[in-house]
2 protein chains.
Amino acid sequence: MTTSTRHLILILLRVQPMTGYELAQNTKISVDPLWSATHSQIYTALQKLEEEGLVARETAKRGERMEKYVYSLTPAGRDAFRVWLREPIKPLPNRDPFRLWAAHIDECPPEVVFRNIDEYIQRHVELAERLDRAALTFIRGEHPLIQARMGRMSDEALERLKRTRAMIYREAAAKARFEAESGRRIRAFAQELYPDYEPNEYDD
Amino acid sequence: MTTSTRHLILILLRVQPMTGYELAQNTKISVDPLWSATHSQIYTALQKLEEEGLVARETAKRGERMEKYVYSLTPAGRDAFRVWLREPIKPLPNRDPFRLWAAHIDECPPEVVFRNIDEYIQRHVELAERLDRAALTFIRGEHPLIQARMGRMSDEALERLKRTRAMIYREAAAKARFEAESGRRIRAFAQELYPDYEPNEYDD
DNA sequence: AACATCATGTAATCGGTTACATGATTCA
DNA sequence: TGAATCATGTAACCGATTACATGATGTT
C-alpha cells in the first residue's frame, strides 16, 4: 500500500488520543524527517478517517467558549495500522531535485552553483544533528512519544521500542550526513570546474 | 521553483527534438534514478508546454498511415531552462516510507521484517550497479544523450558535460549504496530483535 | 495592547498515479 | 500469426500544496 498522511495519523494516534493540532505539532517536531505533512493535510485526512470509522472524534473544552476535537483510534484503525505494517513497502518514485540540478552545473554560473550546494550541505548537517538528538531522547526514554506510552506497555516492549526508534533515527541521521558528504564532493568537483571563482562574501 | 515533469522535458529536449515516446524512453532508461515520470505525465505536460510556447510541435511520418509529433524547444523554452537552473533548489518534503515502516519493526512479524528489508537492500544494490554503469557510459562518451550532442558543442564543453554527468551518476550510485548499507545495518538490528527467527527459504 | 500560540477549518489548484483505450509497425 | 515495440492519448482519482479565513487563549 502507498504510505500517506493517513498512516502518519494512525501511527501517532497509537501513542495516545490527540487533536488535529497536536498531530500537526508532533509531526513537525518529531516525525517530519521521516514523513512530513501540513496541518491542512492532517485535518482533511482526519475527516476521511472518521468517515471510514478508523478514528473516533470526541469533543473537549478549549477555554471557556470553544471546543476542540480529540481523535482516537477505533479497533478498525488499529487493524488498519497492523495491515499497513505487514504489507510490502511501496517505494516512492525517484525524485532528486538536487542531483537533477547538479547534473547541469557545468552550464550554471558559479555563484549559483556554490550557493545551491552550500545550502544543501548546511541543510543536511542541521538535519543530521537534529536526528542524532532525537535518537538520544528516544534511547533515554525522554521523547514525549515514548513517555506517553510508559505504564501502558511492558518494560521489555518499551525497551525494544526505544531501541528500535533510536536506531531508525540514527539511520536517518546517517542518511543526512551522507547527503552532506555527497554535497561536499559535488562542491569539490565544482571547484575544479570553476577554479577561478572566489566568493566575495562569507557573511553567514 | 518546484521541479516537475516540465523541467525533465526541458532538460531532455535540450539534447535534441524528440517525440513524447522518446522522452518517455529516455526517462526510463536514463534519467529515472534522478527524476521519474510516466508516459501519461509526459504527454499531458507536453500539451501544457506547447500552449505556453515553451516547446513547438512538428508533425512527422510514422510508417505509411500514421503521424507522430516531434517536439523541440522554443527560445522561450531554452530561457525557462536557464531560469530553472539559476533558481534556488526547492527541496521535496521528507518522505521515507522504508524508515517510517522500519521504525515499527519491533511490533512486526519477523518474516515480514526480513522480507521488506531484503527487498530494500536488493533494490538499492541493483540501482547502484545500474548507476555506476551509466556513469561509465557518460565518461566514455557512449551515452546516447551525449552522442546526440557531439559536433554541436565545443570539445571542452562536451568534456565538462561528460565529467559532470558521470560525477552526478556516481554520486547517485553512492547514495544507492548508502541505502543498501543502511538496510544491512537495519537488518542486523532486526536479527538482534528476533534472534530465533530462521528463514525457511532462500529461493531467489 | 500586541504578539505568539493554540486551534480549526475550506478552497483552488497542481502534479502525479492508475486504468482505460487504440492501432501501426516490425521481427521471429 | 503472434508478440514485442512504437506511438499517442484520455479520464478518474488521489494526495499534496498554497492560500485564505477565523478567533480564542496565554504571555509580555
Side-chain angles (χ1 to χ4, degrees), chain A residues 1-10 12 17-29 31-32 35-52 55 57-71 84 90-97 100, chain B residues 1-10 17-29 31-32 35-52 55 57-71 84 90-97 100 144:
Chain A
M1 205 194 307
T2 309
T3 301
S4 68
T5 310
R6 308 163 55 84
H7 306 103
L8 176 75
I9 293 174
L10 298 179
L12 288 172
M18 287 184 221
T19 66
Y21 186 78
E22 289 168 323
L23 285 165
Q25 289 306 103
N26 279 310
T27 299
K28 201 164 65 178
I29 62 167
V31 193
D32 182 82
W35 200 269
S36 74
T38 63
H39 82 273
S40 299
Q41 267 173 283
I42 288 169
Y43 282 113
T44 49
L46 279 171
Q47 286 176 14
K48 274 189 201 160
L49 288 168
E50 204 203 351
E51 279 170 36
E52 295 166 27
V55 305
R57 186 171 108 160
E58 262 186 86
T59 303
K61 286 257 148 70
R62 95 164 128 127
E64 298 285 287
R65 265 168 272 259
M66 295 189 90
E67 296 192 321
K68 63 180 176 182
Y69 309 109
V70 182
Y71 292 89
W84 171 75
K90 193 174 164 185
L92 293 176
N94 302 314
R95 290 204 173 106
D96 187 340
L100 186 65
Chain B
M1 205 194 307
T2 311
T3 301
S4 69
T5 311
R6 308 162 55 83
H7 306 103
L8 176 76
I9 293 174
L10 297 179
M18 286 183 221
T19 66
Y21 185 78
E22 288 168 323
L23 285 165
Q25 290 304 102
N26 279 309
T27 298
K28 201 165 67 180
I29 62 166
V31 192
D32 182 82
W35 200 270
S36 75
T38 63
H39 82 273
S40 299
Q41 267 173 283
I42 287 169
Y43 283 112
T44 50
L46 279 170
Q47 285 176 14
K48 275 190 199 156
L49 288 168
E50 204 202 350
E51 279 170 36
E52 295 167 26
V55 305
R57 185 171 108 159
E58 262 185 85
T59 303
K61 286 259 150 70
R62 99 162 125 128
E64 298 284 287
R65 265 167 273 258
M66 296 190 87
E67 297 192 321
K68 63 182 176 181
Y69 309 109
V70 182
Y71 292 88
W84 170 75
K90 192 172 166 189
L92 293 176
N94 302 314
R95 290 204 173 108
D96 186 338
L100 186 66

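A note on names: the letters A, B, ... follow the listed sequences, proteins ahead of strands, and every chain is numbered from 1. These values consider heavy atoms only, across backbone and side chains, with no hydrogens, waters or symmetry-generated copies.
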Euclidean distance, atom [atom1] of residue [X] to atom [atom2] of [N] [Å, nearest integer]:
X	N	atom1	atom2	answer
A/M1	C/dT18	CE	P	14 Å
B/M66	C/dT25	CE	P	8 Å
A/I29	C/dC6	CD1	P	10 Å
A/Q47	C/dT10	CD	C1'	9 Å
B/K90	C/dC14	NZ	C1'	11 Å
A/H39	C/dC6	NE2	P	14 Å
A/Q25	C/dC6	CD	C1'	8 Å
B/K48	C/dG16	NZ	C1'	10 Å

key: Residue whose nearest DNA chain C nucleotide is more 5′ - A/T2 or A/Y71   =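 Its nearest nucleotide being more 5', the pick is A/Y71.
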
message = If I take atom CG from residue A/D32 and atom CG from residue A/N26, how far apart are they, to the nearest 0.5 angstrom?
response =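 If we round to the nearest 0.5 Å, A/D32:CG and A/N26:CG are 12.0 Å apart.
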
request  = Report the distance from atom CD of A/Q25 to atom OH of A/Y21, rounding to the nearest 0.5 Å.
outcome  =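 It comes to 4.0 Å.
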
inquiry  = Could you report the tightest heavy-atom contact between A/M1 and A/K90, atom names first, then the distance?
reply    =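 Scanning both residues, the minimum pair turns out to be O-CB, 3.8 Å.
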
query = Looking only at heavy atoms, what is the nearest atom pair of B/L46 and B/G20, with distance?
reply =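 Looks like CD1-CA, 3.7 Å.
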
ask   = Does a side-chain N or O from B/R95 land closer than 4.0 Å to OP1 or OP2 of C/dG16, or not?
value =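 Negative; the distance criterion is not met.
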
key: Inter-end axis angle, the helix from C/dA1-D/dT28 to C/dA28-D/dT1, with every axis fitted to five base pairs (rounded, 10 degrees)   =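 If I round to tens, the end axes sit 30° apart.
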
inquiry  = Closer than 3.5 angstrom, by distance alone: can the side chain of A/Q41 be matched with the main-chain N or O of A/T38 as a donor-acceptor pair?
reply    =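 Answer holds: yes.
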
query = Do other residues, nucleotides or ligands put more than 12 heavy atoms under 6.0 Å from the CD atom of A/E52?
reply =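 Yes.
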
message = Regarding C/dT18, can its base be found pairing with the side chain of B/S40 as donor and acceptor, where the two atoms are less than 3.5 Å apart?
response =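 Counting by modelled atom types and ignoring angles, a donor-acceptor contact under 3.5 Å is found here.
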
request  = Report which part of the nucleic acid A/K61 touches: base, sugar-phosphate, or nothing (heavy-atom distance under 4.0 Å, all strands).
outcome  =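 Since no nucleic acid heavy atom lies under 4.0 Å of A/K61, the category is nothing.
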
message = Quick check: on DNA chain D, is the nucleotide nearest B/K68 upstream (toward 5') of the one nearest B/T44, or the reverse? Name the residue that is more 5'.
response =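 So the residue in question is B/K68.
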
inquiry  = Using heavy-atom distances to pick each residue's nearest nucleotide on DNA chain D, tell me which of B/E22 and A/T38 is more 5'.
reply    =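 This one resolves to B/E22.
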
Along DNA chain D, first and last positions that approach a heavy atom of chain A under 4.0 Å =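 Both ends considered, the range comes out as D/dA16 to D/dT25.
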
message = One thing to verify: whether B/E22 and B/K68 come together as a salt bridge, which I'm taking to mean a side-chain N less than 4.0 angstrom from a carboxylate O.
response =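 Here B/K68 does not pair with B/E22 in a salt bridge, since their nearest N and O are not under 4.0 Å apart.
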
ask   = Does a side-chain heavy-atom distance below 4.5 Å link B/W35 with A/P93?
value =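 They are not in contact (no side-chain heavy atoms under 4.5 Å apart), so the answer is no.
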
request  = Using side chain to side chain contact (heavy atoms under 4.5 Å, CB included) as the criterion, point out the one residue from B/V55, B/I42, B/L49, B/I9 that pairs with B/Y71.
outcome  =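 Option passing the side chain to side chain contact (heavy atoms under 4.5 Å, CB included) with B/Y71: B/V55.
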
